[in-house]
Colleague: 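To start, I am sharing the structure in question, which I have written as structure tokens.
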Amino acid sequence: MHLVLVDGSSFIFRAYHALPPLTRKSDGLPVGAVSGFCNMLYKLTEDLKGEDEPTHFAVIFDYSGSSFRNELYDQYKAHRPEAPEDLVPQFPLTRSATRAFNLPSIEQEGFEADDIIATYACRMRDAGGKVTIVSSDKDLMQLVDDKVSMLDTIARPGQPPLRWIGPDEVVAKFGVTPDKVVEVQALCGDPVDNVPGIPGIGIKTAALLINEYGDLETLLARASEIKQNKRRESIIENAELARISRKLVQLDCNTPVELDLDALVRQPLEAKLLIPFLKAMEFTSITRRIAGLLEVDPDDFEADAELAAKGASIPGAIDVSEGPAPASGLSGPDAHAEAVLEKIRAIPCKHDDYEIVRDAAALAVWIEDIVATGHVAIDTETTGLDNQAADLVGICLATRPGKACYIPLGHTTGNDDMFGGGKAEGQMDMRQALDMLRPVLQDPAILKIGQNVKYDMGILARYAITMAPIDDTLLMSYALDGARNNGMDALADKYLSHTCIKFTDLAGTGKNQLTFDKIEIEAAARYAAEDADVTLRLWTILKPRLVAAGVTTVYETLDRPLTPVLARMEARGVSVDRQILSRLSGEFAQRAAALEATAYELAGEKFNLGSPKQLGDILFGKMGLEGGTKTKTGAWATGASVLDDLALQGVPLAKTLLDWRGVSKLKSTYTDALPGYINARTGRVHTSYNQASVATGRLSSNEPNLQNIPIRTEDGRKIRTAFVAAPGNVLISADYSQIELRVLAHIADIDALKDAFEEGQDIHAMTASEMFNVPIEGMDPMVRRRAKAINFGIIYGISAFGLANQLGISRGEAGDYIKTYFARFPGIQDYMAEQRRIVKAQGYVSTIFGRKIPFDNVNTKNPSERAFIERASINAPIQGSAADIIRRAMIRMERVLSDENVPADMLLQVHDELIFESPADKADQAIPLIKRVMEGAAEPALRLSVPLQVDAKAAQNWEEAH
DNA sequence: TGGTTCACG
DNA sequence: GACGTACGTGAACCAG
């Protein structure tokens, strides 16, 4: 006799996670997990054929709800996340699948699958038979002996698809024989099931102890003999926890099962049960395969009518039911997932098959294809990286994997004559080509797919093409994986195992790098068309993944619709007054020169003031000053805080250096550099926003960075006066007041903070008043300052060290402040603990709108890295939720302004601030609208439990408007 | 190219 | 008891 017990629940979850979100073609019902489940079950029966074929067979499921273990320990499996939305409807379907395979589907209220498995395994063993448990769950390893083995069917790269687990494998895993596994687990616990164990004891130590003492009770009785202080105390202190843990992991062989062993006798597959089920699920390839196996014609069977009834639709999922049969050697779900990828990978990137479109007739064929397909991947090639300055050189298109073309439009001949050469042969007239493409690119029924499509939108907008609607593989990857390397080359490698032609292979590097128009058309075509081809392939893979990962809403509401908004902001640019900057440069140059002379005199020698190394040598070497600290590379630290200290101690050189750094920073980074960014065509400065580079969901700005224009010092603010409105217009600056603290009050649900915001109180004064028991009226500004630093610290994941540094107090004192704060606002501490737990459990934290912020290495043993991840995961939901809110405001803003006929243009975003330009006489109308949109930006998706407040003002320049 | 510093939220 | 710290960016400059 041979009994096979399948751990059904683990089959389902594995199938679900290994597969893209397949849906039933007719109505979109999610069936990916069901499909994988069927494949795995079928594959298993095939694998077990031969001698010793199973005589008894059952699939065991967990019954949702609690078991006796929850009464023992209320935290048992308490942190398990809810099953994904699109998996829930598949649970009952897998039960149906099991019955369709003519196998008993067993589950029982109040009992876990593991106990039922244990019970049947014991009974069969006692009856003298053999048992195979199909699962990789280590909790079942305690059952293994010479009669009972486990079978892990998951295919891992480089390992055989089947892995038998016998006593030897258990010893390898736990360091003890199977009968001692529960003793080890009692000590080391199990984070997956939230079994506590003894803190500080892992699997290695546990095995060591059990091998020495035999079992848990003996160990506890003789715990005082343990030499290691910490270990001994932890064991003595947590003895009860270990006893509970042992009860939690010990499987129960006496579950009152409803069916006895005889009921598990294996029944043959029956076509009349199985085929109607598979047909109802619309699994065509499995149906075909099984019909072949059973030697029946699937057309003789009707789909199960009840199961064929309508299900939920998930848009965007791709259908592979007509795909090729899974490659042999892989288990079900892997094979199926591979099938999708293979369909795409198998079509080669044959560079010589890409078409070069040189005339209208050829282009017309492509346009027809695009219209028929309904979508097209597009990539523009230009003379540079700045899409407000570069010129169009060519366009590539792809309509399906492997089918791509390049339309050369602006290639020039040679670069040896001083006029840059004439137009190269064999190209369409640019204007004619764009006129032909415009209707397609603007057609609301045709989706345009790009990688960083904002760039291409910016280019095409200058040729009077407003590209819409769009999808962006860069943003999809960002929604899925966060601010990782989301560049096309990396994505091609990751998802397609494909290495793209590098731009530098084509154009060279350094100052001799060719611009794209100088590259020979045939070579350009191979490179460019590949980009469109790869983009299209990535899209087919990434789009369904959004659903599976639960980030569709984030992508669709926060990422995708922002792109056209940003493209327009970038195109508008902002007016910058050259004269003002030039005057300031002169002023700063003079002051820097004077400070430089003073510094040489004080130092007694000339040196490079900009070199931290030389400065460190002078201060701490030559001048022999005490109290210098080293940076991690061993160099003297000469940062502002160090120089501040020295200045306070009466070192005049330190003060001089600080002043010099101040003016030279302003000069080099701003007043000297900004004029170089004024676009010759528009006369304005066009920053570029990176929408997918910040981990938390913020934007970043570059070339130039207009999100770090000075404001904190008087000199710095002068630079803002150079950002001006066009003649007849004004700039309007609208910024959220304390948005991150408000978000914190909402997320952490802190009544005192929420009330204070509701009543419009000074939040830092309120905090100070609560903490230090002083009235808000007539408060000492220093007291308020401390509270303010703490409020900021909280947002950053406070540490005593950081707060002490910020306030210039001792670490002990800072620690006391934090204690007081936590005592006064206990909800904050709960919030922080929760984020720390979440990041460890799932590898990411989330904003209130569902954006996921992933972290690498969440289980690192490095204490500082760990602390860093904890602080960042406390900060990320706060910073990220605020970022989501302003994104929503930006997405909605243009529509509201145009509906109300208010001509105000959004120009810039600085994290919690939006800058607009409007005719001077329209500002009074614009301001209340802008405030309304920004203050209501969370709704209707979310009703914040604190009000948002926006302050807005209009003026001639940014300094006055802010 | 990596390290340091400093501008912003 | 170590570990080295406030969160998130981009740009300029130095030094190798």
Side-chain angles (χ1 to χ4, degrees), chain A residues 200 229-230 483 607-616 629-643 657-658 660-674 676-677 687-690 693-713 715-717 719-720 735-736 738-740 744 789-807 811 814 818 835 845 853 860-880 882-883 886 908-913 962:
Chain A
N229 287 337
K230 187 131 195 197
F607 67 105
N608 186 343
L609 300 209
S611 164
K613 183 169 146 35
Q614 293 181 31
L615 175 63
T629 55
K630 299 279 182 87
T631 65
K632 61 177 169 238
T633 51
W636 290 112
T638 67
S641 65
V642 175
L643 296 184
L657 241 301
L658 283 167
W660 180 87
R661 277 186 184 170
V663 286
S664 48
K665 173 84 177 180
L666 296 179
K667 182 171 184 293
S668 68
T669 307
Y670 302 102
T671 58
D672 285 353
L674 277 172
Y677 286 103
T687 185
S688 167
Y689 288 101
N690 195 328
S693 73
V694 182
T696 56
R698 275 190 178 181
L699 303 178
S700 74
S701 152
N702 60 58
E703 291 192 341
N705 182 354
L706 296 187
Q707 291 181 322
N708 70 347
I709 301 303
I711 192 170
R712 293 175 187 170
T713 65
D715 279 334
R717 278 195 296 274
I719 292 166
R720 290 201 168 208
D735 68 302
Y736 284 106
Q738 306 287 7
I739 189 171
E740 293 192 349
L744 172 68
I790 293 170
N791 277 333
F792 275 100
I794 295 293
I795 289 170
Y796 297 150
I798 201 155
S799 73
F801 182 93
L803 183 62
N805 243 350
Q806 185 64 37
L807 287 175
R811 238 171 109 168
I818 295 170
Q835 299 308 313
V845 291
I853 297 129
T860 177
K861 293 216 168 65
N862 180 329
S864 63
E865 191 186 4
R866 197 180 189 90
F868 174 74
I869 289 169
E870 289 181 354
R871 290 194 302 270
S873 48
I874 287 164
N875 171 261
I878 303 171
Q879 187 182 115
I886 197 167
L908 302 174
Q909 188 250 40
V910 191
H911 309 310
D912 64 357
E913 174 187 15
H962 189 84

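The chains referred to below are lettered A, B, ... by the order of the sequence lines, with proteins before strands, and numbering in each begins at 1.
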Colleague: Between A:Arg661 and B:dC6, is there a contact of a side-chain N or O with OP1 or OP2 at under 4.0 Å?
Modeller: yes

Colleague: Within the pair A:Thr631 and B:dT4, is there a side-chain N or O less than 4.0 Å away from OP1 or OP2?
Modeller: yes

Colleague: Which nucleotide sits closest to the side chain of A:Phe801: C:dC7, C:dA15, C:dA6?
Modeller: C:dA6

Colleague: Just verifying a value: how many Å separate A:His962 NE2 and A:Arg717 CZ, rounded to the nearest 0.5 Å?
Modeller: 10.0 Å

Colleague: Base, sugar-phosphate alone, or nothing: which one does A:Ala789 contact when heavy atoms must sit under 4.0 Å apart?
Modeller: base

Colleague: Reckon A:Gly610 touches a base, only the sugar-phosphate, or nothing at all at heavy-atom distances under 4.0 Å?
Modeller: sugar-phosphate

Colleague: Mark yes or no for whether A:Gln707, through its side chain, and A:Gln909, through its backbone, hold a donor-acceptor pair below 3.5 Å.
Modeller: yes

Colleague: Establish, from distance only, whether the side-chain atoms of A:Asn690 and A:Ser688 form a donor-acceptor pair under 3.5 Å.
Modeller: no

Colleague: Is there a donor in the side chain of A:Glu870 and an acceptor in the side chain of A:Gln835, or the other way round, less than 3.5 Å apart?
Modeller: no

Colleague: Nearest whole angstrom, please: distance from the P of B:dC8 to the CD of A:Gln909.
Modeller: 17 Å

Colleague: Kindly confirm or rule out a cation-pi arrangement of A:Lys613 over A:Trp636, judged by NZ or CZ under 6.0 Å from the six-membered ring centre and within 45° of its axis?
Modeller: no

Colleague: Treating A:Ser701 as the side-chain partner and A:Leu706 as the backbone partner, does any N or O pair qualify as donor plus acceptor under 3.5 Å?
Modeller: yes

Colleague: Working to the nearest 0.5 angstrom, can you tell me the gap between A:Leu807 CG and A:Ile790 CD1?
Modeller: 7.0 Å

Colleague: Counting just side-chain N and O atoms, does A:Asn702 come under 4.0 Å of either OP1 or OP2 of C:dA11?
Modeller: no

Colleague: Looking at every strand, decide which applies to A:Ala640 at a 4.0 Å heavy-atom threshold: base, sugar-phosphate, or nothing.
Modeller: sugar-phosphate

Colleague: Less than 4.0 angstrom between a side-chain N/O of A:Ser701 and OP1 or OP2 of C:dT9, yes or no?
Modeller: no

Colleague: Atom CD1 of A:Ile869 and atom C1' of C:dG8: how far apart are they, to the nearest Å?
Modeller: 16 Å

Colleague: Reckon A:Asn608 touches a base, only the sugar-phosphate, or nothing at all at heavy-atom distances under 4.0 Å?
Modeller: sugar-phosphate

Colleague: What interatomic distance, in whole Å, is found between P of B:dT4 and the corresponding atom of C:dG4?
Modeller: 14 Å

Colleague: C:dG10 phosphate, OP1 or OP2: any side-chain N/O from A:Ser693 under 4.0 angstrom?
Modeller: yes

Colleague: Between C:dA6 and B:dC6, how far apart are the two P atoms, rounded to whole Å?
Modeller: 14 Å

Colleague: Could you tell me the separation between the NZ atom of A:Lys665 and the P atom of C:dC14, rounded to a whole number of Å?
Modeller: 13 Å

Colleague: Look at the side chain of A:Ser700 and decide which nucleotide, out of C:dT9, C:dC14, B:dT5, has an atom nearest to it.
Modeller: C:dT9

Colleague: Any side-chain N or O of A:Arg698 less than 4.0 Å from the OP1 or OP2 oxygen of B:dG9?
Modeller: no

Colleague: Determine the contact category for A:Glu913: base if any of its heavy atoms lies under 4.0 Å from a base atom, sugar-phosphate if only primed atoms, P, OP1 or OP2 are that close, otherwise nothing.
Modeller: nothing

Colleague: Using a cut-off of 4.0 Å on non-hydrogen atoms, how would the nucleic acid contact of A:Ile798 be classed: base, sugar-phosphate, or nothing?
Modeller: base

Colleague: Does A:Ser668 place a side-chain N or O at less than 4.0 Å from the phosphate oxygens OP1/OP2 of C:dA12?
Modeller: no

Colleague: Rounding to an integer number of Å, can you tell me how far A:Glu703 CD sits from C:dG10 P?
Modeller: 11 Å

Colleague: With a 4.0 Å cut-off on heavy atoms, is A:Ala637 in touch with a base, just the backbone sugar-phosphate, or nothing at all?
Modeller: sugar-phosphate

Colleague: If the cut-off is 4.0 Å, is A:Gln614 near the phosphate of C:dA15, judged by side-chain N/O to OP1 or OP2?
Modeller: yes

Colleague: Considering every strand and a 4.0 Å limit on heavy-atom distances, what is the contact class for A:Tyr670: base, sugar-phosphate, or nothing?
Modeller: sugar-phosphate

Colleague: Who is the Watson-Crick or G-U wobble partner of C:dC3, with both distances under 3.5 Å?
Modeller: none

Colleague: Out of B:dC8, C:dA12, C:dG4, which has the shortest distance to the side chain of A:Arg720?
Modeller: B:dC8

Colleague: Which residue lies toward the 5' end of DNA chain C, A:Pro612 or A:Thr696, if each is placed at its nearest nucleotide?
Modeller: A:Thr696

Colleague: Would you compute the distance between atom CG of A:Leu666 and atom CD1 of A:Ile709 and round it to the nearest 0.5 angstrom?
Modeller: 10.5 Å

Colleague: Using the closest heavy atom to pick a nucleotide of DNA chain C for each, name whichever of A:Leu803 or A:Asn862 lands nearer the 5' end.
Modeller: A:Asn862

Colleague: Mind checking the P distance from C:dT5 to B:dG3? Whole angstroms is fine.
Modeller: 13 Å

Colleague: C:dA6 P sits how many Å from A:Glu865 CD, rounded?
Modeller: 16 Å

Colleague: Starting at atom CG of A:Leu615, determine the distance to atom P of B:dC6, rounded to an integer number of angstrom.
Modeller: 10 Å

Colleague: Considering only side-chain heavy atoms of A:Lys632, which listed nucleotide, B:dG9, C:dC7, B:dT4, is closest?
Modeller: B:dT4

Colleague: Name the nucleic acid region contacted by A:Ile711, choosing base, sugar-phosphate or nothing; use a 4.0 angstrom heavy-atom cut-off, strictly under.
Modeller: sugar-phosphate

Colleague: When the distance from CG of A:Leu666 to P of C:dC13 is rounded to whole Å, what number comes out?
Modeller: 13 Å

Colleague: How many Å lie between CD1 on A:Ile790 and P on C:dC7, as a whole number?
Modeller: 17 Å

Colleague: With respect to the side chain of A:His911, which nucleotide from B:dA7, B:dG9, C:dT5 is positioned closest?
Modeller: B:dG9

Colleague: Regarding C:dC14, can its base be found pairing with the side chain of A:Lys613 as donor and acceptor, where the two atoms are less than 3.5 Å apart?
Modeller: no

Colleague: Among the nucleotides C:dG8, C:dA2, C:dG10, which one has an atom lying closest to any side-chain atom of A:Pro863?
Modeller: C:dA2

Colleague: Suppose we define a pair by two distances each less than 3.5 Å, Watson-Crick or G-U wobble; what does B:dG3 pair with here?
Modeller: C:dC13

Colleague: Looking at the side chain of A:Asn705, which of C:dC14, C:dG10, C:dC3 is the nearest nucleotide?
Modeller: C:dG10

Colleague: Looking for any heavy atom pair under 4.0 Å, which part of the strands does A:Ala695 touch: base, sugar-phosphate only, or nothing?
Modeller: sugar-phosphate

Colleague: Between A:Tyr736 and A:Ile886 (side chain of the first, backbone of the second, donor and acceptor by atom type, cut-off under 3.5 Å), is there such a pair?
Modeller: no

Colleague: For A:Ser799, report the nucleic acid contact type (base, sugar-phosphate, nothing); a contact means any heavy atom under 4.0 Å.
Modeller: base

Colleague: If the cut-off is 4.0 Å, is A:Arg871 near the phosphate of C:dC7, judged by side-chain N/O to OP1 or OP2?
Modeller: yes

Colleague: Report which part of the nucleic acid A:Ile878 touches: base, sugar-phosphate, or nothing (heavy-atom distance under 4.0 Å, all strands).
Modeller: nothing

Colleague: What about A:Arg712: does its side chain form a donor-acceptor pair under 3.5 Å with the base of B:dG9?
Modeller: yes

